[in-house]
> 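This structure is in structure tokens; I'll ask about it shortly.
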Amino acid sequence: MNERLKSLYQTVILQKSREDKYVGKLNDFSLEFRAYNPMCGDQFDLQILIEDNSFKCLKYSGSGCSISRASAAVLCEHLQGVELDTVRQKVELFLELVDADSDKQPEELTDDENLLAFAAAREFPERKTCADLSWKELLNQLDTLNQS
Amino acid sequence: MNERLKSLYQTVILQKSREDKYVGKLNDFSLEFRAYNPMCGDQFDLQILIEDNSFKCLKYSGSGCSISRASAAVLCEHLQGVELDTVRQKVELFLELVDADSDKQPEELTDDENLLAFAAAREFPERKTCADLSWKELLNQLDTLNQS
Amino acid sequence: MDIDQVKSQFPIFRQKTPTGKDLIYLDNAATSQKPQSVIDAITNYYSKEYSTVGRGAYWPANVNTVKINQVRSKVKNFLNAQSEKEIVFTAGATDGINKIARSFLAPKLKSGDVIMISQVEHHANLIPWQELCKAYGTELLVIPVLESGHLDYEWIKQNLSERVKLLALSACSNVLGIKNDIKRITTMAEVTQTPVLVDAAQVLSHNRVDVQEWNCDFLVFSAHKMFGPTGVGVVYGKQSLFNEMKPFNYGGGIVKEVTFEASNYQDIPHKHEAGTPNIAGVLGLGAAIEFIKQLSQNETDTHLEELTNYALSSLKAINGLKIMGGEQDKAPVISFTIDGIHPHDISTFLNEEGICVRAGHHCAQPLLQRFEVPASVRVSFAIYNTKSDIDKLVMALLKTQAFFS
Amino acid sequence: MDIDQVKSQFPIFRQKTPTGKDLIYLDNAATSQKPQSVIDAITNYYSKEYSTVGRGAYWPANVNTVKINQVRSKVKNFLNAQSEKEIVFTAGATDGINKIARSFLAPKLKSGDVIMISQVEHHANLIPWQELCKAYGTELLVIPVLESGHLDYEWIKQNLSERVKLLALSACSNVLGIKNDIKRITTMAEVTQTPVLVDAAQVLSHNRVDVQEWNCDFLVFSAHKMFGPTGVGVVYGKQSLFNEMKPFNYGGGIVKEVTFEASNYQDIPHKHEAGTPNIAGVLGLGAAIEFIKQLSQNETDTHLEELTNYALSSLKAINGLKIMGGEQDKAPVISFTIDGIHPHDISTFLNEEGICVRAGHHCAQPLLQRFEVPASVRVSFAIYNTKSDIDKLVMALLKTQAFFS
Ligand SMILES: Cc1ncc(COP(=O)(O)O)c(C=O)c1O
Ligand SMILES: Cc1ncc(COP(=O)(O)O)c(C=O)c1O
């Protein structure tokens with residue numbers, strides 16, 4: 001096991017990909033969308049309940065590699081309880097974290113270990129789409145929400 | 001003027017390309033066809049009067065390079081008076097004469113100087129289509145005649 | 001056959017991967033590596049005698065025109081076609097299938113007609129027909145594939161009818177690696193006078209093809225999967241069909257006379273080759289055919305069969321590894337899954353070891369749905385692969401498994 | 001600019017022709033020679049990091065996927081397009097025009113509609129429209145060309161109407177070398193909301209193009225005429241049009257979800273790029289753009305203008321030589337005839353001197369009919385040509401004339 005790989009699949013990612021805390025369906029939700037990567041077949045359905053102007057409850061279901069699963073799980077965890085106003089900012093921060101073209105070091109962006117784990121994707125550009133699949137689609141949804 | 005070119009454009013070819021003995025239209029003809037090279041635009045209309053089972057009279061009109069013009073002229077001259085039975089043989093001999101892939105030397109095929117002049121086309125494969133344009137189309141016509 | 005000697009003709013294997021490993025290239029079903037002779041044919045053309053073809057009476061245009069015709073002849077012999085007129089150069093297999101769909105089939109389709117394909121088709125041999133069906137109210141009939149990866153030949157017999165206006169079928173699945181019995185199918189199709197198009201994309205690097213023996217009406221392939229360059233392929237078509245159908249494209253080089261009122265077309269195959277062709281690509285394809293011919297077909301067969309069998313038994317020994325499809329009529333293409341590890345993660349781990357495999361749906365989503373697998377790992381072999389490649393693959397898989405357990 | 005230094009980047013000029021002469025390549029309007037950097041981009045790909053793109057998470061597939069996207073970006077900047085989404089790779093200009101004809105125009109045509117082209121069009125930008133007219137009962141309106149080689153702009157204004165569903169026009173005639181005023185035409189076409197397709201095949205090796213300034217809806221070109229490889233080209237299209245239209249081809253890489261019932265498509269530009277692309281071609285195109293960018297545009301302009309003017313005055317001094325069209329808005333392309341000598345014979349004589357020119361109708365038969373010329377000789381210059389090339393051309397023409405008189 002080399003160091004590059006180790007950093008990509010840190011304990012955080014392996015753990016989160018196995019956790020089922022956020023796996024499932026909501027009975028009641030405000031927003032539902034599918035994050036799908038046609039190149040590899042990874043596919044997740046995300047559901048979000050919005051109440052009191054914040055993300056009250058999030059769930060995901062579907063299948064994908066360990067990185068995309070962990071990323072969906074961390075999305076749910078990280079945005080749970082977050083106010084609508086600050087959601088976009090948090091999503092954009094995550095997207096910058098995994099973006100090898102960013103001129104900021106990951107540590108300058110956050111000290112949240114669960115998020116930082118994904119920064120290793122910068123070293124594996126072909127896995128970036130796994131790391132940011134659900135996040136990118138959420139950003140699209142926010143754009144659509146804003147327009148309507 | 002190098003030797004290769006000289007042999008291609010021997011006096012025969014230059015002369016025949018300027019002769020107008022066979023240029024024109026027949027009032028009365030048995031066979032009329034167009035020899036056309038879409039790649040270079042050379043285009044000749046040939047008319048043949050067949051009487052007493054032989055090529056009685058031949059004429060051509062149209063435009064083309066000196067080699068294709070000379071070749072049409074020599075076709076008319078060479079086939080004038082020839083019996084139907086032997087036309088194909090003569091056409092095929094000419095086609096072999098200009099064919100670089102033939103394993104016969106031109107001199108083995110004929111001692112007719114007017115025909116031999118075209119053998120230089122063997123050295124200029126890109127001019128072969130000029131040398132054999134009218135002849136090839138005549139062969140097509142003979143095939144069609146035979147079938148009908 | 002001396003595989004080391006063969007492999008040494010492929011310059012890519014001379015270097016290390018970015019992680020410092022030997023390159024173990026096992027994605028040959030996607031595209032194959034290039035021998036030096038193919039690269040040289042291209043470089044030579046661009047640096048020593050570059051020109052267009054078909055027009056231009058100067059050197060080097062005359063030389064290149066002759067060479068392109070020679071390659072056409074080589075392709076004709078390679079496929080055992082009857083004539084050079086049956087060989088049309090395209091941009092690849094996908095391009096070829098789309099061209100036949102538009103120029104041959106579309107103009108004669110009417111609602112109520114049927115197009116038949118199979119469940120193992122690559123998207124390239126599925127979506128063009130699906131779109132025709134949408135546009136013309138035609139029905140798409142799909143030959144079911146058995147658990148073994150074989151087509152249900154009985155089903156074909158029962159469902160073929162005069163209504164079927166085309167049967168489009170791959171000679172070998174790019175996921176399961178199971179070869180279809182084309183001869184058997186064309187024999188059935190003859191009865192109903194259904195033209196048969198063969199997608200031969202997967203077979204030409206390892207199998208000889210004889211279009212006369214197969215008696216197919218069309219056959220397509222891409223050069224890049226048989227050691228040739230990208231951006232070039234071939235459509236073989238029977239002369240009568242090539243003659244009757246509309247030109248594949250309209251433009252320069254296909255016309256006899258043109259006025260603003262009308263144009264008439266050159267004879268086949270030129271009628272179907274509008275525009276400046278991929279000349280470097282065609283020359284490279286010629287060199288690729290020479291490369292294949294210079295290998296002994298028997299020894300190639302034996303080598304690839306041995307490799308495939310060795311890989312099958314080595315892979316099956318891995319706990320939780322499942323191979324898709326059976327082992328009969330098997331080309332050197334193996335798809336599998338491993339319990340609890342996603343194919344994409346496997347691919348990343350293997351890449352660190354310099355091993356290239358494909359993870360995903362391999363442009364055959366309906367087939368994966370049929371086998372109820374969202375994604376698989378695919379390994380596929382070519383003449384330059386060795387048993388040692390497979391040993392390293394297995395080792396790396398075991399290491400990956402250890403990490404994820 | 002140091003032309004010797006530029007020329008030295010083109011390996012083909014290092015050798016002699018079969019008749020022992022220096023190569024004087026004057027058929028640049030047909031295709032241009034390749035600099036070493038373009039050849040290297042291709043060789044490097046095939047011999048050091050060959051793989052497919054878009055799929056495959058391994059080295060070198062990941063590297064090549066990034067590189068292809070970089071070339072897309074380069075093309076976007078080169079044309080000053082708004083977005084990479086507006087750049088679709090094709091097999092060449094002919095391929096691009098056919099694709100727009102089929103995917104954009106055909107589905108919306110109805111009888112009574114009009115397609116407008118001009119009298120100077122290459123067959124590639126004539127026959128696809130002619131065929132659509134045949135199929136859909138559409139009318140083909142042809143903009144007349146004046147004796148000067150300029151279009152009749154007044155005529156365009158008078159004949160443009162809402163009925164005109166596309167105006168397809170070359171930026172520069174490949175026979176006369178006269179550049180058309182695209183901006184003026186798109187301004188007129190805006191009034192009637194007629195989409196404009198620009199055939200830019202002839203301009204990219206010597207002119208900068210700005211699709212936003214031109215405000216054209218589509219633009220096509222081939223890489224091989226701008227120092228790039230064969231078998232690859234580009235269609236630029238405005239995003240809204242690319243979005244609304246049918247995919248150019250159907251196959252792998254363009255779909256999101258596929259079942260046997262239906263498929264839905266990826267976002268542009270990928271929606272229009274089915275199948276394995278001509279990867280080597282695209283990489284070579286990237287290198288060709290770099291080559292052009294590295295030249296100073298001003299100095300290129302000056303050099304080619306000087307060459308063209310020098311050629312015009314030298315040629316005009318030859319007795320009986322007639323140049324087609326005028327000298328205003330002239331690209332480095334000159335067509336001429338010489339009294340009493342057929343262009344084909346001229347070409348053979350020049351070839352003996354190592355001089356490559358084109359003789360014939362240059363895939364523009366209707367234009368030659370318009371000028372009542374059955375065939376012409378065409379010379380066309382690129383950055384590596386010199387005044388000495390032209391001197392040798394003129395000498396050889398005089399020798400030819402002497403022989404035939
Ligand atoms: C069976 C099959 N058909 C068609 C194709 C398409 O080939 P290309 O992408 O070269 O057009 C492929 C390769 O991806 C294939 O495996
Ligand atoms: C003006 C023009 N349009 C289109 C083409 C066709 O280009 P290609 O043959 O590369 O498809 C050419 C070149 O022959 C041309 O000069």
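Fair warning: this is a prediction, and the values are worked out from it, not measured in the lab. Throughout, a chain's letter reflects where its sequence line sits, starting with A, and its residues are numbered from 1.
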> If you count heavy-atom pairs under 4.5 Å between each of C/P128, C/G92, C/P60 and chain D, which one has the most?
C/P128
> With a 4.5 Å cut-off on heavy-atom pairs, point out which of D/V142, D/I117, D/V38 contacts chain C the most.
D/V142
> I'd like to verify something: which residue of D/E352, D/K225, D/Q33 has the highest number of heavy-atom pairs under 4.5 Å with chain C?
D/Q33
> If you count heavy-atom pairs under 4.5 Å with chain C, which of D/V232, D/L140, D/V255 comes out on top?
D/V255
> Distance from C/T348 atom OG1 to D/N62 atom CG, nearest 0.5 Å?
9.5 Å
> Please report the C-alpha distance between C/Y265 and D/I127 in whole Å, then the side-chain angles of each, then the deciding distance to 0.1 Å, and finally whether the side-chain contact (heavy atoms from CB on, under 4.5 Å) criterion is met.
CA-CA 11 Å; C/Y265 298 106; D/I127 313 180; 3.6 Å; yes
> D/H344: what forms a side chain to side chain donor-acceptor pair (under 3.5 Å) with it, not counting sequence neighbours?
none
> Please report the shortest heavy-atom distance between C/S347 and D/A57, naming the atom on each side.
OG-CB, 3.7 Å
> Which residue out of C/A93, C/P18, C/G360 racks up the most heavy-atom pairs below 4.5 Å with chain D?
C/P18
> Below 4.5 Å, heavy-atom pairs only: which of D/L126, D/V282, D/T90 has the largest tally toward chain C?
D/L126
> Using 0.5 Å steps for rounding, measure from the CD atom of C/Q36 to the OG1 atom of D/T43.
9.0 Å
> Sort out for me which of C/A101, C/A364, C/A262 touches chain D most, counting heavy-atom pairs under 4.5 Å.
C/A262
> Which atom pair, heavy atoms only, marks the closest approach of C/A91 to D/A91?
CB-CB, 4.3 Å
> Could you check whether any side-chain N or O of C/Q119 sits under 3.5 Å from a backbone N or O of D/F260, counting only pairs where one atom can act as donor and the other as acceptor?
no
> Quick check: closest heavy atoms across C/W59 and D/N351, and the distance to 0.1 Å?
N-OD1, 2.9 Å
> Out of curiosity, C/E257 CD to D/H361 NE2, how far, rounded to the nearest 0.5 Å?
9.5 Å
> What's the shortest heavy-atom distance between D/K48 and C/Q15, and which atoms?
O-NE2, 2.8 Å
> Check whether C/L350 gets within reach of chain D through its side chain, its backbone, both or neither, counting any heavy atom under 4.5 Å.
neither
> Quick one: which of D/I97, D/N98, D/T94 gives a side chain to side chain contact (heavy atoms under 4.5 Å, CB included) with C/Y250?
D/N98
> Going by the side-chain hydrogen bond (donor to acceptor under 3.5 Å, both in side chains) test, name the single residue among C/R102, C/K99, C/E131 that passes it with D/N249.
C/R102
> Picking from D/V63, D/T31, D/N125, D/V258, which has the most non-hydrogen pairs under 4.5 angstrom with chain C?
D/V258
> Looking only at non-hydrogen atoms, find the nearest pair between D/E261 and C/Q130 and report the distance.
C-NE2, 3.5 Å
> Please state whether the side chain, the backbone, both or neither of D/K21 comes within less than 4.5 Å of a heavy atom of chain C.
neither
> Heavy-atom pairs under 4.5 Å with chain D - which of C/S51, C/A280, C/P229, C/S47 has more of them than the others?
C/S47
> Can you give me the closest heavy-atom contact between C/Y46 and D/K34, atom names plus distance?
CD2-CG, 3.4 Å
> Give, for atom CD1 of D/I254 and atom NE2 of C/H123, the distance between the pair rounded to the nearest 0.5 Å.
10.0 Å
> State which residues pass ring pair (Phe, Tyr, Trp, His ring centres under 6.0 Å) with D/Y45; sequence neighbours excluded, sorted by chain then number.
D/Y50
> Would D/Q369 and C/T259 count as having a side-chain donor-acceptor pair, cut-off 3.5 Å?
no
> Indicate yes or no for a side-chain donor-acceptor contact from C/T230 to the backbone of D/I279 under 3.5 Å, with no hydrogens or angles considered.
yes
